[in-house]
Amino acid sequence: MKFQEIKNNVYYCGLNDVDRPIFDELIPLEHGTSYNSYLVKGSEKVAIIDTMYPPMSDEYLKNLDENGVNKVDYIVANHGEQDHSGTLPKMIEKYPDAKIITNNTCKGNLMSMLFIPEDKIITVQNEEELSLGDKTLKFILAPNVHWPDTMFTYIKEDNILCTCDFLGAHYTFDDVFAVPSKELEVSAKRYYAEIMMPFRVMCKKYTQMIKDMNVDMILPSHGPVHKDPNYILDLYTDWTSDLGKNLVLLPYVSMYGSTEEMIDYLSQELNKKGIDTLKHDIVSGDLGDLAMALVDGTTIVMGTSMVVAGPHPASVNIAYIASVLKPKAKFASFVGSYGWGGKLFDILGEILSKLRLDVIEPVQVKGRITKDDYAKLDAMVNAIVEKHKSVGLL
Ligand code: FEO
């Protein structure tokens with residue numbers, strides 16, 4: 001495969017992984033993903049920025065041969081995770097004179113996760129520069145978007161920024177340049193929800209920093225290259241904002257229908273009051289869809305049936321995932337029904353307590369829903385309306 005030139009001797013040398021069904025064994029992928037790698041040919045030195053996911057390393061190395069890359073002086077490791085650094089051991093065998101350029105935190109990761117010898121690594125500080133002759137690489141440490149070892153590499157003369165995982169998408173392509181579409185936006189959002197949302201505050205900071213840099217292109221390590229940086233930066237400005245949308249998320253699991261009836265009722269009554277809702281069947285729904293909704297939701301009402309004497313385990317799993325993804329939601333509550341007794345919401349509340357949500361009085365029903373129970377659900381709806389008014393959403 002002939003490498004595509006991005007700009008002035010900067011080439012794309014990554015690969016598509018079209019059939020990959022899931023990432024991190026957590027979020028299903030709709031379009032596979034790409035592992036991006038960039039070849040930068042300066043007048044004196046040659047650098048490669050990020051490498052390849054290990055199962056695809058043979059194809060990657062073969063492509064380097066076929067494109068005549070006989071000598072590499074520097075291999076920049078923007079991040080230690082194996083989907084980008086996993087081919088480093090083979091790269092330093094193939095190019096024995098090459099040095100790995102990375103930051104001190106990533107150096108420790110490369111040594112412990114990949115057994116890279118210390119003498120192969122040169123560490124750089126924030127804003128340090130490296131000359132390739134007519135091109136200069138400038139390294140910008142960006143910890144916690146998304147690992148503590150993450151850094152960006154700026155190619156000064158071309159005004160292009162390699163942003164590592166930040167601003168990426170699980171998406172594949174024939175032409176490396178992004179063509180804005182709803183499909184790409186959804187992939188980028190799904191990716192943000194899983195990988196970046198836990199670090200929302202840092203993402204917000206670096207979104208603004210990159211806007212201020214006024215770069216010509218953004219080269220992430222998954223998904224297409226952005227010739228129009230504002231396309232992805234504007235999406236990130238929205239997703240990382242402090243306030244969510246006028247939206248209530250209703251993830252639920254219902255064994256005999258009562259919990260689902262409560263969720264349906266809440267959805268219908270909230271809609272009447274001008275609040276959007278998203279019902280999500282935990283068992284049959286796509287986890288990526290829920291993760292994306294968590295980017296925007298202001299209130300989460302979880303619905304669960306009881307199993308033995310506690311919440312359905314599927315609802316516990318979703319509460320835990322939400323606590324890990326750290327959405328910007330501000331309010332929460334619970335509904336559910338039980339047969340013979342137990343504690344339905346304690347575990348869910350404890351797990352979600354990490355999010356410091358303002359909890360609205362839950363509704364627990366024995367068996368079918370009575371008139372009194374509907375009155376309690378009405379009270380919940382009114383409480384949610386007041387909460388949304390209090391933050392300016394209504
Ligand atoms: Fe795409 Fe954090 O690796």
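By convention here, the first residue in the shown sequence is residue 1. Computed over heavy atoms, backbone and side chain alike; hydrogens, waters and symmetry mates excluded. Start at 1 and go down the list; that is how both ligands and their atoms are numbered.
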>> Please tell me whether H170 and E194 have a donor and an acceptor in their side chains that are separated by less than 3.5 angstrom.
In response: no

> Where the side chain of S34 meets the backbone of G223, is there a donor-acceptor pair that is under 3.5 Å apart?
Replying inline: yes

> Which ILVMFWY residues are connected to F115, directly or by a chain of links, through side-chain heavy atoms under 4.5 Å apart?
Replying inline: none

>> Per the side-chain hydrogen bond (donor to acceptor under 3.5 Å, both in side chains) rule, what does the pair list look like for residues 342-356, sequence neighbours excluded?
In response: none

> Taking atom 1 (Fe) of ligand 1 as the center, what protein N, O or S atoms are found at less than 2.8 Å?
Replying inline: D83 OD2, H84 NE2, D165 OD1, H222 NE2

>> Taking side chain to side chain donor-acceptor pair (under 3.5 Å) as the definition, give me every residue that meets it alongside K387, ordered by chain and number, with sequence neighbours left out.
In response: D358

> Are F334 and F345 an aromatic pair by the rule of ring centers under 6.0 Å?
Replying inline: yes

